[in-house]
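All remarks here apply to the structure that follows.
Counting convention: from 1, in listed order, for ligands and their atoms alike.
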Amino acid sequence: MWRRPRLGKAGPVTAPDGEGTDVFDTKVRDREVHTGPRPAHQPQWSDHPQYELARRKLATAPALVTAAEVADLRTVLADVAAGRAVLLQAGDCVESLSECTAKHVAGKLAVLDRLAERMAARTGVPVVRVGRIGGQFAKPRSRATEWYCGRELPTFRGHMINSTLATPAARQPDPHRMVLAYDAAAVVTHLVGQRRLAATGPWTSHEALVLDYEESLVRVDPASGTTLLASTHLPWIGERTRQPDGAHVALLASVANPVACKIGPNAAPDDVVRLCRLLDPDRVPGRLVLVMRMGRRGITDAMPGIVVAVRRAGHPVIWLSDPMHGNTVRAGNGMKTRYLRDVAAEASAFREILEGHGQHAGGLHLEVAAADVTECVGGTVADDAALRSRYTTLCDPRLNPDQAATLIDAWT
Ligand code: PEP
Ligand code: CO
């Protein structure tokens with residue numbers, strides 16, 4: 001059986017470039033060796049000369065979030081679970097390391113605010129704002145290689161892993177990129193935190209995909225003894241890494257953060273209940289967000305059985321709709337896109353299914369750009385041909401802010 005290697009000896013690790021100064025213990029927790037299936041979508045880089053140093057730097061780096069912030073987020077999410085608020089989780093498919101400046105972050109947060117205000121005005125309840133921001137630097141990809149100008153290259157997998165540059169060398173996974181990603185996440189999380197103090201501002205979230213990064217950022221708060229994933233406020237597990245006996249589920253089951261899990265159209269109700277039992281064993285409102293991403297065609301068959309089974313099992317989950325990831329298609333011109341009408345249809349079906357079962361539709365999880373991009377068709381992007389003008393995403397096609405506003409109007 002494959003065994004995940006230990007993170008080195010328990011106890012303090014000498015910081016190569018100075019110690020972290022936060023309130024957390026910088027010692028690496030002596031984690032249990034995970035004996036489940038080999039985790040999917042991990043870069044194979046452990047024999048790279050930079051690997052050990054990168055892990056040590058992360059293991060001794062300051063926590064990016066505090067136990068108090070995470071507790072606050074759980075409290076406001078409990079309101080969402082109870083139907084007194086809704087959640088808007090939105091941002092880039094994958095963040096660019098070059099867009100982690102104060103100016104870029106201000107632009108992203110302004111769009112999140114604008115959409116959340118619209119949602120609040122239309123629903124009449126407070127909107128909890130969570131960015132796909134401050135750590136969304138790695139992607140699970142369906143293919144190992146992609147074609148670029150007649151050349152086959154390893155797929156771009158996010159700036160935490162490799163580069164977008166179209167050369168074989170630039171596409172090799174480089175563990176030092178985890179350190180670059182951490183430094184960028186620290187800047188962005190700081191900027192997001194300044195906003196949170198000023199208003200009802202957002203929390204950070206990203207897919208906890210790269211275990212070398214995430215496991216190195218587990219911290220124990222010495223005051224409370226709480227174990228946190230200190231890389232973000234709300235980590236999520238993707239549809240491709242949610243195996244109940246897998247390392248991603250084990251990691252998020254072990255931390256006090258609120259956690260989310262994506263659920264696709266092939267999930268069986270029993271599997272989802274099993275995930276709920278692992279991730280929310282105490283049935284606490286505000287702990288677990290289930291993100292339905294089923295596609296407009298898949299949702300009406302797949303979701304009702306899951307709602308019934310989870311409700312029967314007594315887990316007070318937040319039901320969130322990601323109407324993007326099940327609706328990715330190729331346009332007539334071969335470009336990867338999403339049609340706003342499909343996205344809106346899935347979001348509406350999500351609400352109808354929940355309300356038909358007496359449950360609260362907890363909100364939306366969207367890929368939205370801060371700029372007026374042309375990556376999805378509908379609204380301000382008239383047709384497939386219009387996609388070419390401002391298609392700048394590094395991975396999946398995002399809504400532009402006007403399209404996202406239209407979606408929110410259709411959803412509410
Ligand atoms: C994503 O949210 O970017 C993603 C990869 O989603 P999923 O795991 O639902 O495919
Ligand atoms: Co995506």
- Task: Mark the output for Lys139 as yes if a heavy-atom distance to ligand 1 is under 4.0 Å, and as no if none is.
- Result: yes
- Message: Looking only at protein heavy atoms, which one is nearest to atom 5 (C) of ligand 1, and what is the separation?
- Response: Arg240 NH2, 3.5 Å
- Query: Is the shortest side-chain N to carboxylate O distance from Asp245 to Arg274 below 4.0 Å?
  - Reply: no
- A student checking ligand 1 against Arg293 at a 4.0 Å heavy-atom cut-off should list atoms 7 (P), 9 (O), 10 (O)
- A student checking ligand 1 against Trp236 at a 4.0 Å heavy-atom cut-off should list atoms 2 (O)
- Item | Of all N/O/S atoms in Glu367, the name of the one nearest the Co ion (ligand 2) | OE2
- Do any N/O atoms on Glu367 end up under 3.5 angstrom from N/O atoms on ligand 1? yes
- Does Asp271 come within less than 4.0 Å of Arg242, counting only side-chain N to carboxylate O? no
- Message: Counting only nitrogen or oxygen atoms and a 3.5 angstrom limit, does Lys262 reach ligand 1?
- Response: yes
- Taking only Lys NZ, Arg NE, NH1 and NH2, and the carboxylate oxygens of Asp or Glu, determine whether Lys262 and Glu207 approach each other closer than 4.0 Å. no
- Is it true that the side chains of Arg351 and Thr412 contain a donor and an acceptor less than 3.5 Å apart? no
- Message: Has Asn327 got a side-chain atom pairing as donor or acceptor with Arg338's backbone, closer than 3.5 angstrom?
- Response: no
- Task: Using distance alone, with no hydrogens and no angle criterion, decide if Asn400 and Thr380 have a side-chain donor and acceptor under 3.5 Å apart.
- Result: yes
- For atom 4 (C) of ligand 1, find the nearest protein heavy atom and state the residue, atom name and distance (0.1 Å precision). His325 NE2, 3.4 Å
- Just which atoms of ligand 1 are under 4.0 Å from any heavy atom in Gly238? 8 (O)
- Item | Between Glu99 and His159, a side-chain donor and acceptor under 3.5 Å | no
- Asp280/Arg287 salt bridge by N-O under 4.0 Å criterion: no
- Determine yes or no for a side-chain-to-main-chain donor-acceptor pair under 3.5 angstrom, with Arg219 supplying the side chain and Leu229 the backbone. no
- Query: Any idea which N/O/S atom from Asp396 gets closest to the Co ion (ligand 2)?
  - Reply: OD2
- Task: May I ask you to check whether Cys93 brings an N, O or S atom to under 2.8 Å from the Co ion (ligand 2)?
- Result: yes
- Task: Tell me which protein heavy atom sits closest to atom 8 (O) of ligand 1, plus the residue, atom name and distance to 0.1 Å.
- Result: Glu239 N, 3.0 Å
- Task: Provide the number and element of each atom of ligand 1 under 4.0 Å from a heavy atom of Arg132.
- Result: 1 (C), 2 (O), 3 (O)
